[in-house]
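To start, the structure under review is shown below, and the notes come after it.
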Amino acid sequence: MANEFQPLQGMSDIYAPEIYLWRMMEERARAVFNAYGYDELRTPSLEKLSVFKRSIGDTTDVVKKEMYSFKPSKHELALRPEGTAGTIRHLAGRGEEGLNARVFYIAPMFRYERPQAGRKRQFHQVGVEATGEANPLADAECIAMQKNLLDAWGLTGSKIQISTRGEPSDRKPVAEGLRAALRPFENELCEDCQRRIDENVLRVIDCKNESCGKIVDQIPSAIEFMSPASRDYLDQVVEALSAMDIEVTVNPKLIRGLDYYVHTVWEISHSALGAQDALAGGGRYEIALGKKGIPGVGFAIGFERAIMALNACGITGEQFAPDGGIWLVSLGEAALKENMKLARELRAKGIRCGMELEAKSMKAQMRKASRSGANTVVIRGDEELEKGIAVVKDMAEGSQQEISLEEFVRDA
RNA sequence: GUGAUUGUAGCUCAGUUGGUUAGAGCGCCUGGUUGUGGCCCAGGAGGUCGGGGGUUCGAGUCCCCUCGUUCACCCCA
């Protein structure tokens, strides 16, 4: 395809029939969130760069190298790479009520990365945030709601993995403990991990390199270096989930990169996705904005990845296409004008109604009607106009009958 | 940022060791008796072979650059 008609690299136009799937997902998401008492929040796509730097962490790759940022005037700005930072920025501004809020968003996110399967530069997430002090039940409810949503979409075969990052005070002992445990194996680790051991030990834990994995299996998990309170917190989350019959796997090797996470973190993966098999993630966080720290828990689901998984489940956009509606066939100029009026009446009733706007052969009009997916075709020519009737054809059956126009409009 | 892969009609793809007006299937349009779709038949429209440079008598086919696609790494949804 010619370049000038293509969207930017890593960005896509979304159109029928796939758009029908998007709409279904959005509608059901709103319904599920409503059932849990969440309200929708729409924040701007563009924020001050500092909003993201402070909350996501300015050493993370997302902030360091994946943001679309620029400085049009006084402030340095950035397109949001995720939804939590902006949401918390908003809630923090609402004072006390922002500390006990439940909101959701459905919005595009932007990350300047090389595209690959399930990874776009503009991608879409549906996410929620529930602010409030750390509480295992809040985390469990959040996961339950997320599962609820995936079920509502008809997604099967996804797996929830859960772990904990512990409290902020656990970070040092965890990092030091892991480093000490890894040192003896340092030379056997891959190049990346040898660098990561000092830079970001946690990343060694989820290295995909096979030999690194074997070493990691031999050393204690990060959780084992945490305080009893942190471990107890995770146990309570898992217990609450099992009470709700939600299956999760505790995976201490699960690492989530954003700095703001504390305690519970989780990821939902699906085998249909390829190398990037996580379609959703979530966790508890503590985000410092100004003088206050906002505690909360939330999740995000990637639309594009969820769609790949849904497609693998045999769920596609076609299945959610609108009703085929009615097609009007006009024979002659007079009928054409009369059908314009008829179409207006039908459309006012919310019926999908199409017609050819120029005089064409009946065959051409029928062909178009058929391809439009219309269930019903109304044929009118001079004869019908004179008698005040319409020939109504059922496209699936192939049968047709004459009925009075008045009656047809009334029953349509 | 790194490493691969691929780029020919709306879509899926053929195009032999570089050689005359670039093909197929599907789709689209128009016909096949006067007012009837989906099947069948016939005809037709539609391509600066992603773009730019180079080699050559001659390039869709070779070389270089560039822009995209797809996939993987880093990282993340």
Side-chain angles (χ1 to χ4, degrees), chain A residues 1-12 56-57 59-67 80-84 107-127 146 158 190-193 195-196 199-200 202-203 206-209 255-258 266-270 273-283 298-309 324 327 329-332 335 359-384 391-400:
Chain A
M1 196 194 285
N3 269 331
E4 58 261 57
F5 304 126
Q6 271 184 270
L8 289 172
Q9 180 174 32
M11 306 202 176
S12 330
I56 300 167
T59 61
T60 59
D61 277 27
V62 170
V63 168
K64 265 198 311 192
K65 55 178 212 189
E66 296 173 4
M67 283 214 287
R80 62 174 161 227
E82 52 90 88
T84 302
M109 307 294 164
F110 305 85
R111 258 125 93 160
Y112 188 80
E113 303 178 84
R114 290 283 287 271
Q116 75 186 64
R119 169 183 288 161
K120 294 267 170 198
R121 286 184 171 178
Q122 175 176 334
F123 61 103
H124 301 76
Q125 288 187 334
V126 47
Q146 190 175 20
S158 63
C190 71
E191 226 174 275
D192 284 328
C193 285
R195 174 175 52 80
R196 286 191 278 229
E199 264 175 31
N200 192 350
L202 289 177
R203 285 282 159 220
D206 71 341
C207 180
K208 280 173 191 162
N209 189 301
I255 300 301
R256 311 248 327 136
L258 279 25
W266 68 89
E267 213 167 85
I268 303 182
S269 58
H270 197 279
L273 263 48
Q276 311 303 323
D277 67 347
L279 67 92
F299 70 70
I301 305 177
F303 261 81
E304 285 81 358
R305 290 189 187 179
I307 285 172
M308 291 204 294
W327 190 271
V329 168
S330 327
L331 300 165
K360 285 214 169 178
S361 75
M362 181 160 196
K363 184 183 188 124
Q365 292 188 64
M366 285 304 293
R367 197 157 34 217
K368 210 154 177 176
S370 182
R371 279 163 200 168
S372 79
N375 313 313
T376 307
V377 166
V378 173
I379 301 161
R380 296 209 294 166
D382 293 338
E383 204 179 311
E384 287 77 13
V391 172
V392 177
K393 176 163 183 166
D394 180 314
M395 291 300 270
E397 296 286 327
S399 61
Q400 61 186 49

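Each chain gets a letter, A, B and so on, in the order the sequences are listed, and its residues count up from 1.
Residue-level contact check: Lys64(A) touches neither bases nor backbone, having no heavy atom under 4.0 Å from any strand. Note on Gln9(A): only backbone sugar-phosphate atoms sit closer than 4.0 angstrom, heavy atoms only; bases stay farther off. As judged by a 4.0 angstrom heavy-atom cut-off over every strand, Gly83(A) is placed among residues making no nucleic acid contact. Glu82(A) comes within 4.0 angstrom of nothing in the nucleic acid, heavy atoms only. Looking at heavy-atom distances under 4.0 Å, Ala396(A) makes contact with a base. At the heavy-atom level, Leu258(A) lies under 4.0 Å from the strands shown only through sugar-phosphate atoms. When heavy atoms are screened at a 4.0 angstrom cut-off, Gly281(A) is found touching the sugar-phosphate backbone but no base atom. Within 4.0 Å of Glu113(A), counting heavy atoms only, lies at least one base atom of the nucleic acid. Using a 4.0 Å heavy-atom criterion, one finds that Gly118(A) contacts the bases of the nucleic acid, with or without backbone contacts as well. Lys393(A) comes within 4.0 angstrom of a base, heavy atoms only. Counting any heavy atom pair closer than 4.0 Å across all strands shown, Gln276(A) reaches a base atom. Nucleic acid contact for Glu267(A): none, since no nucleic acid atom lies under 4.0 Å from a heavy atom of the residue. Arg114(A) comes within contact range of at least one nucleobase, with a heavy-atom separation under 4.0 Å. Among the protein residues, Arg195(A) comes within range of no part of the nucleic acid, since none of its heavy atoms lies under 4.0 Å from any strand.
Between Ser399(A) and Lys393(A) the shortest side-chain heavy-atom distance does not fall below 4.5 Å.
Residue Glu304(A) is tested with Lys120(A), Arg119(A), Gln125(A), His124(A) for a side-chain hydrogen bond (donor to acceptor under 3.5 Å, both in side chains); the sole match is His124(A).
Look at the P atom in both rA72(B) and rU17(B): the space between them is 33 Å, to the nearest Å. Rounded to a whole angstrom, the distance from the C1' atom of rG7(B) to that of rC13(B) is 13 Å. Spacing between rA14(B) and rC73(B) at atom P, rounded to whole Å, works out to 28 Å. Spacing of C1' atoms, rU12(B) relative to rG27(B), comes out at 11 Å, to the nearest Å.
Note that the OG atom of Ser330(A) and the CD atom of Gln365(A) stand 5.5 Å from one another [nearest 0.5 Å].
Along RNA chain B, the nucleotide nearest to Ser399(A) and the one nearest to Leu8(A) differ in position, and the one closer to the 5' end is contacted by Ser399(A). Taking the nucleotide of RNA chain B with the nearest heavy atom to each of Lys65(A) and Val391(A), the more 5' of the two is matched to Val391(A).
Within the structure, every side-chain polar atom (N or O) of Arg119(A) is placed at least 4.0 Å from both OP1 and OP2 of rU70(B). OP1 or OP2 of rC75(B) has at least one side-chain nitrogen or oxygen of Arg196(A) nearer than 4.0 Å. Residue Gln365(A) has no polar side-chain atom (N or O) positioned under 4.0 Å from OP1 or OP2 of rG37(B).
With a 6.0 Å cutoff to the six-membered ring centre and a 45° limit on the axis angle, Arg121(A) does not count as a cation-pi contact of Phe110(A).
Here Phe303(A) does not pack flat against the base of rA77(B), since the 5.5 angstrom centre distance and 30 degree tilt limits are not both met.
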